[in-house]
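Being a predicted model, the structure only gives us computed values, none of them experimental. Just so we're on the same page: letters track the sequence lines, and every chain starts at 1.
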There are 2 protein chains.
Amino acid sequence: MTSPDLDHVADDPPPPARRYTKGDRTKERIVEAAADLFSKSGYLAVSQRDIAAQAEITHAGLLHHFPGGKDELLMQVLERRDADDAVVLFDEHLDAWGHLDQTVRIVERNARTPGLVALYAKLSNEASDVNHPAHTYFRRRYEILREHFATVLGELVDRHGDRSALDPDTVAQQLIALLDGLQTQWLLAPETIDMRARLVDFLALLGVDTTGWRTDSA
Amino acid sequence: MTSPDLDHVADDPPPPARRYTKGDRTKERIVEAAADLFSKSGYLAVSQRDIAAQAEITHAGLLHHFPGGKDELLMQVLERRDADDAVVLFDEHLDAWGHLDQTVRIVERNARTPGLVALYAKLSNEASDVNHPAHTYFRRRYEILREHFATVLGELVDRHGDRSALDPDTVAQQLIALLDGLQTQWLLAPETIDMRARLVDFLALLGVDTTGWRTDSA
DNA sequence: GTCTATACGACGATAGAC
DNA sequence: GTCTATCGTCGTATAGAC
């Protein structure tokens with residue numbers, strides 16, 4: 001799937017509460033430009049020079065701030081988006097049903113931001129190579145997601161005891177797989193698939209009460 | 001998912017039953033080299049010069065046979081693999097249950113060929129861009145797959161009438177999504193997931209009798 | 001029809017001046 | 001902190017030898 005998560009993934013030491021320097025503002029501009037271009041054209045189609053131009057800096061100037069080049073920029077963009085999603089996904093005030101509801105909402109939002117969704121989808125596959133700059137990031141990401149949904153689904157299975165044969169952890173893997181796979185099809189041919197409806201169908205199949213969600217508006 | 005399909009996708013006019021020329025053999029060597037390198041290193045990491053070198057030909061010589069460069073080579077590699085899978089997937093002597101059984105077998109085989117699986121996975125996401133050389137190919141591919149599984153699932157739903165509320169076409173979308181998504185997780189962290197077992201779980205959830213399949217050997 | 005030689009512009013990367 | 005200059009490699013293209 002596309003966005004949920006992290007802060008957790010990038011658990012750097014807390015930033016030393018420094019003052020904003022000129023370089024920080026330049027960095028900001030560069031990351032902004034990178035996010036914009038990545039979302040529009042994908043990761044691989046964008047060059048360092050493109051990003052530098054949009055940030056109104058030289059190609060070499062960009063590399064001064066981000067020696068890792070596109071890879072490093074990419075991580076910045078990912079972590080930035082993740083911070084947003086972590087807020088809604090890991091809200092401790094929600095019960096299991098509420099968490100699934102949030103998941104549906106994230107799917108709905110994703111359907112409105114194809115650029116970033118496509119970026120995540122491409123990356124999560126590129127990153128299967130152990131040498132890819134985002135490999136560790138995505139491994140951690142899926143680990144956290146699986147844990148999250150296993151907990152959520154575990155609670156729901158306990159409540160509707162009728163399906164107690166289902167193992168929360170493996171069902172979580174299935175749920176995540178479904179979300180990812182739906183996105184692949186949706187990105188390829190948006191008019192042929194209703195991601196939200198298919199997700200709700202699956203939850204219904206699991207025995208989750210989806211009344212109020214079930215609007216098959218494809 | 002990774003491989004099933006086509007001949008159907010590349011519906012060129014039947015080849016004019018020509019004799020093998022020297023160039024055909026060279027083409028063969030080049031496609032072989034491309035398939036090998038793509039599987040090992042992915043599509044984007046491989047250069048035309050790499051392929052040419054492995055095929056023992058000049059970079060420009062390669063372009064004589066494949067003016068479209070890597071893109072054209074890519075399609076050759078894809079269609080070659082597809083020809084194999086079409087045989088087992090679209091076998092008309094099989095009933096619906098047999099077709100699902102073949103699907104499970106393909107998943108098992110995929111688990112033994114990570115290179116090509118990774119290539120397909122990366123491509124099916126890269127190809128969401130309408131300008132990608134394989135965009136049309138993948139659209140067609142998913143269309144055929146959905147049709148195929150809709151038919152298969154439709155028959156099974158008819159037999160076990162108890163779940164007749166399920167729409168074969170949308171369930172087919174879910175099944176394909178599951179297969180794709182499981183691969184993403186498996187490529188990223190093979191030791192954490194059993195693709196075959198998760199597929200069988202899903203089929204069981206649909207009410208398909210999976211006795212004899214259920215070997216949760218993760 | 002098969003292939004080599006050669007060149008072009010854009011890329012990621014680095015060194016060093018200001 | 002930002003620049004210019006330069007490197008080797010990439011995909012692409014063309015001219016012409018065999």
Nearest-0.5 Å distance, CG of residue B/Leu153 to CD of residue B/Gln174: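 Atom-to-atom, B/Leu153:CG and B/Gln174:CD are 10.0 Å apart.
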
Nearest-0.5 Å distance, OG of residue B/Ser128 to CG of residue B/Leu123: 11.0 Å

Can you tell me how far [atom2] of [N] sits from [atom1] of [X], to the nearest Å?
X       : N      : atom1 : atom2 : result
B/Arg25 : C/dG1  : CZ    : P     : 16 Å
A/Gln48 : D/dC10 : CD    : P     : 16 Å
B/Lys22 : C/dT2  : NZ    : P     : 8 Å
A/Glu28 : D/dG1  : CD    : P     : 15 Å
A/Glu56 : D/dG1  : CD    : C1'   : 16 Å
A/His64 : C/dA15 : NE2   : P     : 15 Å
B/Asp50 : D/dT12 : CG    : P     : 14 Å
B/Leu62 : C/dG1  : CG    : C1'   : 16 Å

Touch class at under 4.0 angstrom, heavy-atom based, for A/His59 against every strand present: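 A/His59: base contact, heavy atoms under 4.0 Å.
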
From D/dT14, D/dT2, C/dC3, nucleotide with atom closest to A/His65 side chain: D/dT2

Would you call [X] and [Y] a salt bridge, using N to O less than 4.0 angstrom?
X        : Y        : result
A/Asp101 : A/Arg105 : yes
A/Glu32  : A/Lys27  : no
B/Glu191 : A/Arg139 : yes

Given [N], is OP1 or OP2 found less than 4.0 Å from the side-chain N or O atoms of [X]?
X       : N      : result
A/Thr26 : D/dT2  : yes
A/Ser47 : C/dA10 : no
B/Thr58 : C/dC3  : no

Position toward the 5' end of DNA chain D (nearest nucleotide), A/Arg49 or B/Leu63: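 Mapping each residue to its closest nucleotide by heavy atoms, the 5'-most match is A/Arg49.
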
